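Everything below concerns the one structure shown next.
Chain naming here is simple, since letters A, B, ... match the order of the sequence lines and numbering starts at 1 in each. Quantities reported herein were computed from a predicted structural model and do not represent experimental measurements.
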Protein chains: 2
Amino acid sequence: MDLDDRKLKILQAIIKNYLETGEPVGSRTISKYTDLNLSSATIRNEMADLEELGYIVQPHTSAGRIPTDKGYRLYVDTMMQEKVDEVNNMRDDLLEKADRMENLLQQVAKMLAANTNYATMVTTPKYRSRKIKFIQLTDVDEYQVLAVIVLEGNIVKNRMFKSDIALVKEDVLKLNLALNTFLQGLDIEEINIGLVQKLKSQVGAYQELVSEILDAIATAIQEEGDIRVYTSGATNILKYPELSDMNKARDILSTLENKEELTQFVDNPDIQPDEKRGIQVYIGDETRVDSMKDCSVVTATYEIEEGIYGKVGIIGPKRMDYERVVGTLQNMMGQLDDIFKNKKP
Amino acid sequence: MDLDDRKLKILQAIIKNYLETGEPVGSRTISKYTDLNLSSATIRNEMADLEELGYIVQPHTSAGRIPTDKGYRLYVDTMMQEKVDEVNNMRDDLLEKADRMENLLQQVAKMLAANTNYATMVTTPKYRSRKIKFIQLTDVDEYQVLAVIVLEGNIVKNRMFKSDIALVKEDVLKLNLALNTFLQGLDIEEINIGLVQKLKSQVGAYQELVSEILDAIATAIQEEGDIRVYTSGATNILKYPELSDMNKARDILSTLENKEELTQFVDNPDIQPDEKRGIQVYIGDETRVDSMKDCSVVTATYEIEEGIYGKVGIIGPKRMDYERVVGTLQNMMGQLDDIFKNKKP
DNA sequence: TGTTAGCACTCTATAAAGTTGAGTGCTAAT
DNA sequence: ATTAGCACTCAACTTTATAGAGTGCTAACA
């Protein structure tokens with residue numbers, strides 16, 4: 001027995017219907033609301049076959065059928081016809097409110113959540129190594145100095161330091177110069193003890209301050225390498241009865257609140273032909289997150305420059321409206337591309 | 001009929017028991033588990049009185065009693081004996097992980113949530129006006145310039161700008177000087193059109209860049225004035241059956257996710273004698289947040305310097321463990337005080 | 001006069017039993 | 001190969017019964 005055209009059509013009808021209603025779909029429904037013109041009995045026979053093939057199951061003997069993960073997978077891979085979503089003027093809204101990367105990403109999460117009625121996540125882009133572009137020391141007052149650290153890619157960090165000894169303006173300038181000559185263009189791994197010693201030998205009484213600054217630089221680079229995750233619309237999860245079971249809901253919401261587990265969508269082993277903006281669909285267990293075994297996650301990849309990318313994800317029930325979600329995500333990725341391109345005129 | 005000592009003791013016993021169990025408390029329970037040595041019948045009589053006085057109610061005829069908001073209020077105001085919570089080594093943990101204000105506050109929210117099993121919120125401190133301490137312009141490359149804006153209180157903001165025309169090093173220096181001479185020490189309201197015109201007349205071809213920078217300064221100051229709210233442990237709400245009703249839970253969680261409504265705890269009209277670190281308890285409707293009518297919120301005030309303060313809040317069911325929460329908060333406020341004091345040696 | 005034992009009563013929560021209806025699988029006829 | 005028809009199943013809902021926690025009231029007691 002194999003999956004002929006009619007079986008495929010019936011399966012599609014079942015899944016479509018289930019996506020809308022969330023209720024098991026019976027043979028009569030399919031018989032009535034498709035143009036196949038088959039009686040419910042025939043549909044029943046076909047359904048029995050589809051069940052044997054593993055695409056659908058009955059929650060219990062006398063109920064209709066619901067799709068299995070395998071069924072959803074087939075649907076997503078071959079039967080879905082993407083809807084292009086009219087997320088009009090999203091870009092304008094985005095630009096208006098967000099002048100900085102972090103805001104932008106948070107805004108993206110928010111808009112997607114509002115648009116889809118699912119929970120959303122956005123990860124910060126993942127950089128490989130980051131080199132130091134330059135450091136600028138400024139004396140704020142007699143005992144305080146501000147260090148602005150600019151990394152490759154124009155990532156700016158600033159830290160305030162307190163010195164135990166009163167600062168002399170010329171010393172600060174000298175320190176600045178010393179730091180830059182030693183550190184400019186270096187990566188974090190390249191800052192070794194020898195270098196630190198050499199640097200310290202040149203700064204006289206300010207050794208302690210320099211230590212602090214070096215630490216700060218290290219953590220700054222480190223933390224820039226960390227992936228952060230923004231989420232939005234977590235409570236949308238509660239709109240879907242099949243996820244509103246108190247325990248499931250708590251687990252999912254915790255996962256969304258804690259965020260750690262979400263980073264695992266970034267490094268995905270299954271690489272995918274790229275014509276679809278890196279859109280990936282994880283169904284149920286495919287998410288590899290235990291609390292999300294009743295969810296699906298759709299992720300898309302945005303790239304801010306060659307090889308530096310992050311993920312945008314939509315988290316909803318398995319019966320989420322995949323077409324719309326994929327459409328919305330593709331649209332959003334387009335908007336983001338525009339923004340990132342426009343940023344370098 | 002008035003609230004004599006015995007009634008008070010019984011009320012206290014009822015509330016204590018209800019805080020623990022969350023179940024209506026019957027006369028027999030009180031008769032057995034207090035040292036009053038009264039029969040359940042007597043307790044019943046007293047309970048009837050307490051009900052008439054409005055401190056307790058029956059959810060239905062044949063059930064025990066639960067405290068009303070008025071009952072809780074009396075308890076919190078007069079009967080509670082604060083437990084000092086041993087939040088040991090919290091400070092070390094805090095300092096270790098958080099080198100910056102924002103991180104610190106987020107960390108505070110997280111630790112409190114972990115410690116109390118309730119949801120928590122922390123607001124950023126509320127500044128009055130902020131004056132510009134100095135601005136520092138640095139050319140990053142030929143077309144880009146970095147502006148570091150330092151506000152009074154050592155708040156540092158940085159923005160990157162693109163210039164349409166190639167930047168000349170000396171021009172950037174001049175621009176820097178001009179900006180500082182005009183803007184240093186000024187508040188946002190003091191930057192008027194006349195001043196802007198004068199400034200622009202001195203910067204030759206860079207008028208557009210200056211406009212952008214001024215805009216950025218304005219939004220930087222503005223956004224520093226905005227109160228942000230961090231929350232943590234939102235899902236703890238779901239641990240309490242009386243809040244786990246799907247609709248209540250959704251509403252509460254949304255409120256916590258959206259955060260806007262939470263800022264209203266910052267500006268509190270009821271001022272309070274300060275020996276208790278500004279701890280306030282809002283019971284049910286007192287929160288003035290509709291979705292939280294079944295919750296209580298306990299807030300404490302931290303002050304980073306004279307007049308500049310923010311709030312830390314714990315959100316839980318009405319039957320939250322007020323003693324412990326107040327204790328924990330007082331403790332935490334102590335730790336924060338230490339940290340802020342140590343910051344200026 | 002305050003306290004208490006005792007009893008009838010109330011009402012929720014839980015369990016048990018009954019009912020309904022959507023949906024199935026199988027068989028026999030087309 | 002398709003379909004009408006029928007017996008069967010099972011979750012979901014409704015109804016009825018039962019248990020028990022708790023009350024209010026009364027009358028007796030110290």
Which whole-number value in Å describes the distance from [X] [atom1] to [N] [atom2]?
X: B:I30; N: D:dA21; atom1: CD1; atom2: C1'; result: 15 Å
X: B:N37; N: C:dT4; atom1: CG; atom2: C1'; result: 13 Å
X: B:I43; N: C:dG2; atom1: CD1; atom2: P; result: 16 Å
X: B:I10; N: C:dG2; atom1: CD1; atom2: C1'; result: 13 Å
X: B:E46; N: C:dT3; atom1: CD; atom2: C1'; result: 11 Å
X: B:L38; N: C:dG2; atom1: CG; atom2: C1'; result: 10 Å
X: A:R6; N: D:dA1; atom1: CZ; atom2: C1'; result: 8 Å

With A:R319, the side-chain hydrogen bond (donor to acceptor under 3.5 Å, both in side chains) member among A:E242, A:E23, A:E20:
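Checked A:E242, A:E23, A:E20 against A:R319; only one passes side-chain hydrogen bond (donor to acceptor under 3.5 Å, both in side chains): A:E242.
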
Output one letter per nucleotide in nucleotides 23-30 of chain C: B when a protein non-hydrogen atom lies under 4.0 Å from the base, S when only the sugar-phosphate is that close, - when neither is.
SBB-----

Looking at A:R73 and A:D69, is there a salt bridge between them, counting it only when a charged N and a carboxylate O are closer than 4.0 Å?
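A:R73 and A:D69: not salt-bridged.
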
Would one find a side-chain N or O of A:T42 under 4.0 angstrom from OP1 or OP2 of D:dT2?
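Answer no for this pair, as no side-chain N or O of A:T42 is under 4.0 Å from OP1 or OP2.
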
Among A:D285, A:L262, A:D251, whose side-chain contact (heavy atoms from CB on, under 4.5 Å) with A:M292 holds?
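Result: among A:D285, A:L262, A:D251, A:L262 is the only option passing the side-chain contact (heavy atoms from CB on, under 4.5 Å) with A:M292.
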
Give me the one residue out of B:N236, B:I314, B:D321 that meets side-chain contact (heavy atoms from CB on, under 4.5 Å) with B:N117.
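Going through B:N236, B:I314, B:D321 one by one, the side-chain contact (heavy atoms from CB on, under 4.5 Å) with B:N117 is satisfied by B:N236 alone.
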
Mutual orientation of the aromatic rings belonging to B:Y72 and B:Y18 [parallel < 30°, tilted 30-60°, perpendicular > 60°]
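Judged by the thresholds at 30° and 60°, the geometry between B:Y72 and B:Y18 is tilted.
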
Can the positive tip of B:K70 be found less than 6.0 Å from the middle of the six-membered ring of B:Y55, inside 45° of the ring normal?
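Yes, cation above the ring, under 6.0 Å and within 45°.
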
